[in-house]
K.L.:
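Please see the structure below; I have some questions.
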Amino acid sequence: MELILLGPPGAGKGTQSKLLETRYGVAQISTGDMLRAEVKAGSPIGLEAKSIMDAGKLVSDDILIRMIGERIHRPDCAKGFILDGFPRTVPQAEALDKLLHETAVDLDAVIELKVDEAVLVERISGRFTCAKCGTGYHDTFKRPQREGVCDVCGGTEFIRRPDDKAETVHARLEAYNAQTAPILPYYRAQGRLHVVDGMADMADVEAEIEAVLRKIGIPPAVS
Ligand code: ADP
Ligand code: ADP
Ligand code: ZN
């Protein structure tokens, strides 16, 4: 299965793609996570990306297209992948089509998670993740079952992203509206776009995505 999850920052792409990764046995590819790893490693890409990410702007298409071109050929993508955070511009979408065409792989669907802007701000400001395993949480909507302990790995250290501050969120939403939203008509014209209500509870969003996938002939690998 080759799937794209599209939506503004805070829409639930990371949350849902992690759930889908397990259920469908495919790799989750988060370009945000990949870039944050480059920043942490202090690599040339990371050094270039850091100030751009901190400002809530988009890193260059060249860098992202090169990163994805390499990433989708790794062994964990043998059964497919879910793209979370890529493509984010029309040139990225066009480059992805070219990459997939060269590999004779067909994109199954693009799922847009629709969420109102006020809710996005609330979601982003309350977001934190486990430092050890990356599981996502929220101050109000998804606290760990045991305070201060990760449900998945038992880790006790959590991190908040520097770009999840209120000041930067606005710039990120603007970048989404100006540069990423124009991808929607691109995929609609291909007949691949499916819209899912991202305002619902996490489990309901998951069920709705599964219903879309079933309808196009893709059942989960694990029930
Ligand atoms: P979000 O959770 O807000 O959707 P991500 O973790 O996907 O954010 O991305 C964080 C930041 O990384 C973005 O604001 C942007 O600076 C950079 N980034 C991630 N993916 C891309 C991409 N495909 N193109 C350009 N920049 C990207
Ligand atoms: P994205 O990857 O699109 O930026 P995330 O999956 O990181 O978004 O979700 C943003 C925040 O909102 C996280 O703290 C997450 O726990 C929370 N969240 C995700 N989906 C929902 C939902 N359906 N209802 C309430 N909160 C949610
Ligand atoms: Zn954990």
Side-chain angles (χ1 to χ4, degrees), residues 4-20 28-39 45-46 48-68 71 82-93 95-96 111-115 119-144 148-164 168-169 171-176 179-180 183 196-209:
I4 295 174
L5 281 192
L6 256 180
K13 303 179 297 295
T15 302
Q16 294 300 328
S17 50
K18 283 206 169 71
L19 294 168
L20 293 167
Q28 177 213 9
I29 302 180
S30 158
T31 45
D33 286 348
M34 289 169 75
L35 287 168
R36 281 184 287 277
E38 299 280 352
V39 170
I45 288 181
E48 185 172 338
K50 187 176 185 315
S51 57
I52 301 171
M53 293 170 77
D54 285 346
K57 300 203 169 118
L58 295 186
V59 177
S60 81
D61 288 339
D62 272 7
I63 290 183
L64 269 295
I65 292 164
R66 253 186 292 136
M67 271 176 46
I68 282 290
R71 180 66 187 87
I82 303 159
L83 293 176
D84 159 13
F86 184 95
R88 251 182 164 92
T89 63
V90 171
Q92 289 182 19
L96 178 65
I111 295 184
E112 179 197 2
L113 293 175
K114 253 194 144 72
V115 176
V119 173
L120 294 174
V121 175
E122 194 184 6
R123 284 196 187 169
I124 296 169
S125 0
R127 164 162 63 187
F128 62 97
T129 52
C130 170
K132 204 162 139 197
C133 75
T135 296
Y137 294 96
H138 191 280
D139 290 330
T140 313
F141 307 125
K142 193 193 168 203
R143 303 192 66 90
V149 183
C150 174
D151 297 345
V152 176
C153 76
T156 53
E157 226 191 285
F158 296 89
I159 38 180
R160 286 179 196 261
R161 282 167 45 179
D163 59 339
D164 277 352
T168 320
V169 169
R172 285 160 64 202
L173 291 173
E174 225 162 62
Y176 179 81
Q179 291 170 272
T180 308
I183 307 181
V196 163
D197 174 16
M199 301 277 283
D201 286 346
M202 287 177 208
D204 293 337
V205 176
E206 187 188 3
E208 211 188 314
I209 294 175

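Each ligand, and each atom within it, is numbered from 1 in the order the structure gives. All values below come from the heavy atoms of this structure, side chains included, with hydrogens, waters and symmetry mates left out.
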K.L.:
Looking only at heavy atoms, is any part of Leu64 under 4.0 Å from ligand 1, and if so is it the side chain, the backbone, or both, or is it neither?
P.N.:
side chain

K.L.:
Answer yes or no: does an N/O atom from Arg88 fall short of 3.5 Å to an N/O atom of ligand 1?
P.N.:
yes

K.L.:
Backbone, side chain, both or neither: what part of Arg127 comes under 4.0 angstrom of ligand 1, heavy atoms only?
P.N.:
side chain

K.L.:
Would one find an N or O of Ser30, backbone or side chain, under 3.5 Å from an N or O of ligand 1?
P.N.:
no

K.L.:
If we only count N/O pairs under 3.5 Å, is Gly85 in contact with ligand 1?
P.N.:
yes

K.L.:
For Thr31 and ligand 1, does the shortest N/O to N/O distance drop below 3.5 Å?
P.N.:
yes

K.L.:
Work out whether the distance between some heavy atom of Gly7 and some atom of ligand 2 is less than 4.0 Å.
P.N.:
no

K.L.:
With only distance considered, is Lys13 within less than 3.5 Å of ligand 2 through an N or O on each side?
P.N.:
yes

K.L.:
Using distance alone, decide if ligand 2 has a nitrogen or oxygen within less than 3.5 Å of any nitrogen or oxygen in Gly14.
P.N.:
yes

K.L.:
Based purely on interatomic distance, does Phe128 place a nitrogen or oxygen under 3.5 Å from a nitrogen or oxygen of ligand 2?
P.N.:
no

K.L.:
Taking atom 24 (N) of ligand 1 as the point of reference, which of Arg161, Gln179, Gln92 owns the nearest heavy atom?
P.N.:
Gln92

K.L.:
Judging by distance only, is a nitrogen or oxygen of Val59 under 3.5 angstrom from one on ligand 1?
P.N.:
yes

K.L.:
Which of these, Arg160, Arg123, Arg172, has its nearest heavy atom closest to atom 22 (C) of ligand 2?
P.N.:
Arg123

K.L.:
May I ask you to identify, for Lys57, whether its side chain, its backbone, both or neither come under 4.0 Å of ligand 1 on a heavy-atom basis?
P.N.:
backbone

K.L.:
Looking at Phe141, which atoms of ligand 2 are within less than 4.0 Å of one of its heavy atoms?
P.N.:
25 (C), 26 (N)

K.L.:
Check whether any N or O atom of Gly126, backbone or side chain, sits under 3.5 Å from an N or O atom of ligand 2, and answer yes or no.
P.N.:
no

K.L.:
Atoms of ligand 2 less than 4.0 Å from Asp201 heavy atoms?
P.N.:
23 (N)

K.L.:
Here's a test for you: under salt bridge (charged side-chain N to carboxylate O under 4.0 Å, His left out), which of Arg160, Arg127, Arg123 qualifies with Asp139?
P.N.:
Arg160

K.L.:
Return the residue, atom name and 0.1 Å-rounded distance of the protein heavy atom closest to atom 11 (C) of ligand 1.
P.N.:
Met53 CE, 3.9 Å

K.L.:
Is Arg36 close enough to touch ligand 1? Criterion: a residue heavy atom under 4.0 Å from a ligand atom.
P.N.:
yes

K.L.:
Tyr137 heavy atoms, cut-off 4.0 Å: which ligand 2 atoms fall inside?
P.N.:
13 (C), 14 (O), 16 (O)

K.L.:
Counting heavy atoms only, name the option from Glu206, Glu122, Met202 that's nearest to atom 17 (C) of ligand 2.
P.N.:
Met202

